[in-house]
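See below for the structure under consideration.
In what follows, every chain begins at residue 1, and chains take the letters A, B, ... in the order their sequences are listed.
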Amino acid sequence: MAKTLPRNAELADQLDLLADISEILAEESFKVIAYRRAAARIRETPSPVAELALAGRATDLPGIGKTIEQKVVEIVNDGEMHALTRRRERVPVGVVDFLRLPGVGPKTAARIWTELGVTTLDGLKIAAEDGRLRDLSGLGQKSEEKILKALDAGAGEQVEPRRLLGVGLPAVRRAVEELQAHPAAIAVSEAGSVRRRRETVRDLDLIATSSDAPVLIAAFCEGSWVRDVAARGPTKATVVGHDELRFDLRVVPPECYGNVLQHFSGSKDHNIALREDAQRRGLSISEYGVTVVETGEVVTHATEEELYDYLGYAFIPPELRENDGELAAARKGILPKFVELSDLRGEMHCHSTWSSDGKNSIEEMALESKRRGYTYLCLTDHSHYLRDGRMEAQWVEIDAVNTRVKPFRVLRGVEVNIRADGSLDVDEDVLAELDWVVASVHTAFERSPTERILGAIDNPHVDCIGHLTGRRILKRTGAEVDIELIVERAAEQGTALEINSQPDRLDMRDTHARLAGEAGVLIPITTDAHSITALGYGELGIGLARRAWLTKEKVLNTRSWAQIAKIRK
DNA sequence: GCCGTTTTCGGCCCGACTGTTTTCAGTCG
């Protein structure tokens, strides 16, 4: 590649900005929707869209047509999107910031700008303090106060932070359990992005049916985890926990539980596509039921299964509901059965006290894995702690532990470091003696990561690549790797690519894992545990794997060690 | 601007809430 191509995130940001500015300029609303959809699609596409656009293949992506493909090509060739440049000349940059304020949308932002001549957040603050905002028709004292309060709180500069799934999921589980135990509760379920197992979440959604909604709402608002009640009505409440997590509960009649649960599980894109499709067939979907437009009849569904069936789809697991092919597959009835936590039979990447950051002994890790129903564990302590004869000493301990935990088995492994120059920090003849070798990049993420990983994939002794990009969710983005090249090579060489279940890693990410699965790469779901409690992270990796459409067959450690030993390279 | 069980034109998800209004526009999820 001669020049650096813009990343998908940059392309998506520009299209989102184009959408915002176009909306402020009151342009055709469906154009704005199209820009946003294209941006979302590009952001979620695993391969570089700039490259696809240059090859004329970006239009293969749903939501991207000739015009937007051309806009991407412009960014590559001219360094700018002309439609965006033209509009930026018309709208002061600061006006776009107004959109992040509560209650301020494109119409209001435009009027603050054109009628008051205010073009910055600072200017807006002064205008609000002077009581000039309330002069605009449609805005009153309350709107002014709300905007001022948000500006004082520093809003407009940052949005509500996202939290890790690993934080949100246990919290929502506890809430569901506590509510479910209440006598007034009939059914309680998690919903929203937690239920879809997105890697990060904002609000935690709960849906319930009840014999006495107000009583259940009261119990929810008085829960042990509640710090503040942000809103409370007869059927709906929002509370904030001591850990700053926000919970939304909706209590609904049992007969439309399926409709409401489906609605509030999202994703937004999935629901929009579902509704568009239904509309073509004369059906109108809302959270209260499905209306047959011609007759006005409203059909409700007690379960999601009944709802999807009524609409002509096989049940779609929540993790797949991202409008990425699941609707077409469910309509054709060709959605396979996806991997589940109970399918896992062993741990393939974890650490003991032999790594300085490990918290538990080999035996403790083995016993906990055994307790979880596993039959083997690949011990993969960090290579640099196993120098100078320590690896041989570790083998002695592994052998001793194995005599005590059998038929459970601890395998000899290592997590070998891929150095900045691409070499591995363990000798080849040592690697050759091990049962399982994970190779990972831990440093210098920006120095030719793709080439270094390809080198490791090609090494005959490397069984698996650990945490592919090295990202730390909400902290660092990780190495920018050529996923298509890596997946292709891994499939050729029979090198596995792991799904690392650490809450802040979840690496490979969903879109990458889906590509790998489709290419036939074997994918172990590992915890990279440094303690016995971390061995429980597997459910996060399972959620990710399901989002990546992985079946049991595509996940390596759904097999016994005997089976793996046969197919490992 | 995209897209097709309405296929190259004419559509494009749905409802609640808020604050502002006398019937609704705009925002939000």
Side-chain angles (χ1 to χ4, degrees), chain A residues 15-16 18-20 22-24 26-42 58-72 81 83-84 98-112 133-147 150 159-160 191-193 196 201-205 207 230-231 233-236 238 246 248 250 252 256 259-260 262-291 293 298 311-313 323 327-328 331-332:
Chain A
L15 279 168
D16 275 331
L18 178 62
D20 286 346
S22 300
E23 204 170 25
I24 289 168
E27 295 189 28
E28 178 63 49
S29 65
F30 295 111
K31 266 196 197 180
V32 172
I33 292 169
Y35 294 146
R36 295 227 167 90
R37 266 189 200 180
R41 176 62 60 192
I42 289 172
T59 52
D60 293 349
L61 299 169
I64 301 196
K66 270 281 153 217
T67 312
I68 288 180
E69 177 172 88
Q70 191 50 43
K71 287 179 170 19
V72 172
M81 192 194 302
L84 178 58
F98 297 172
L99 298 178
R100 292 204 297 267
L101 294 165
V104 180
K107 301 276 165 40
T108 309
R111 299 195 24 239
I112 292 170
L133 284 188
R134 69 183 76 172
D135 294 344
L136 294 175
S137 76
L139 257 64
Q141 195 175 336
K142 276 200 170 175
S143 308
E144 194 174 74
E145 282 167 7
K146 205 160 77 174
I147 289 170
V159 287
E160 171 114 357
S193 50
R196 301 199 313 279
V201 297
R202 195 160 287 152
D203 302 325
L204 304 173
D205 293 309
I207 304 293
T235 63
K236 172 182 180 315
T238 301
R246 292 173 67 88
D248 280 324
R250 282 166 199 261
V252 300
C256 63
N259 305 86
V260 178
Q262 196 284 328
H263 176 83
F264 286 104
S265 291
S267 66
K268 193 176 169 199
D269 287 342
H270 173 89
N271 285 353
I272 288 175
L274 186 75
R275 287 168 180 187
E276 281 176 353
D277 192 37
Q279 203 195 33
R280 282 181 216 117
R281 289 175 286 128
L283 300 172
S284 172
I285 304 174
S286 83
E287 62 259 54
Y288 301 111
V290 181
T291 307
V293 176
V298 179
L311 294 171
Y313 300 89
N323 190 27
L327 286 164
R331 183 161 280 287
K332 289 188 205 137

Check every strand shown and say whether [X] touches a base, only sugar-phosphate, or nothing at a heavy-atom separation below 4.0 Å.
X      : result
A:Y35  : sugar-phosphate
A:L274 : nothing
A:I272 : base
A:V104 : sugar-phosphate
A:E69  : nothing
A:K31  : base
A:K236 : nothing
A:S29  : nothing
A:L139 : sugar-phosphate

**Request:** For A:E144 and for A:R275, find the nucleotide of DNA chain B with the closest heavy atom, then tell me which residue's nucleotide is more 5'.
**Result:** A:R275

Show me the donor-acceptor pairs within less than 3.5 Å that the side chains of residues 27-35 of chain A make with the rest of the protein, sequence neighbours left out.
{"residue": "A:E27", "atom": "OE1", "partner": "A:R87", "partner atom": "NE", "Å": "3.4"}
{"residue": "A:E27", "atom": "OE1", "partner": "A:R87", "partner atom": "NH2", "Å": "3.0"}
{"residue": "A:E27", "atom": "OE2", "partner": "A:R87", "partner atom": "NE", "Å": "2.7"}

**Message:** Salt bridge check, A:E69 against A:K66: does any charged N sit closer than 4.0 Å to a carboxylate O?
**Reply:** yes

**Message:** Assess whether a salt bridge exists between A:E276 and A:R37, defined as any Lys/Arg side-chain N lying under 4.0 Å from an Asp/Glu carboxylate O.
**Reply:** yes

**Request:** Starting from the C-alpha separation in whole Å, work towards a yes-or-no answer on side chain to side chain contact (heavy atoms under 4.5 Å, CB included) for A:L133 and A:I147.
**Result:** CA-CA 9 Å; A:L133 284 188; A:I147 289 170; 4.0 Å; yes

**Item:** Close side-chain approach of A:Y313 to A:L274, heavy-atom, < 4.5 Å
**Value:** yes

**Item:** Segment of DNA chain B, first to last nucleotide, that comes within the 4.0 Å heavy-atom reach of chain A
**Value:** B:dG1 to B:dC28

Which whole number of Å gives the distance between the [atom1] atom of [N] and that of [M]?
N      : M      : atom1 : value
B:dC12 : B:dT6  : P     : 13 Å
B:dT7  : B:dT18 : C1'   : 41 Å
B:dA16 : B:dG10 : P     : 33 Å

**Message:** Restricting to side chain to side chain donor-acceptor pair (under 3.5 Å), what partner residues turn up for A:R275, sequence neighbours left out?
**Reply:** A:H263

**Prompt:** According to the Watson-Crick and G-U wobble definitions, with both distances under 3.5 Å, which nucleotide is paired to B:dA25?
**Reply:** B:dT18

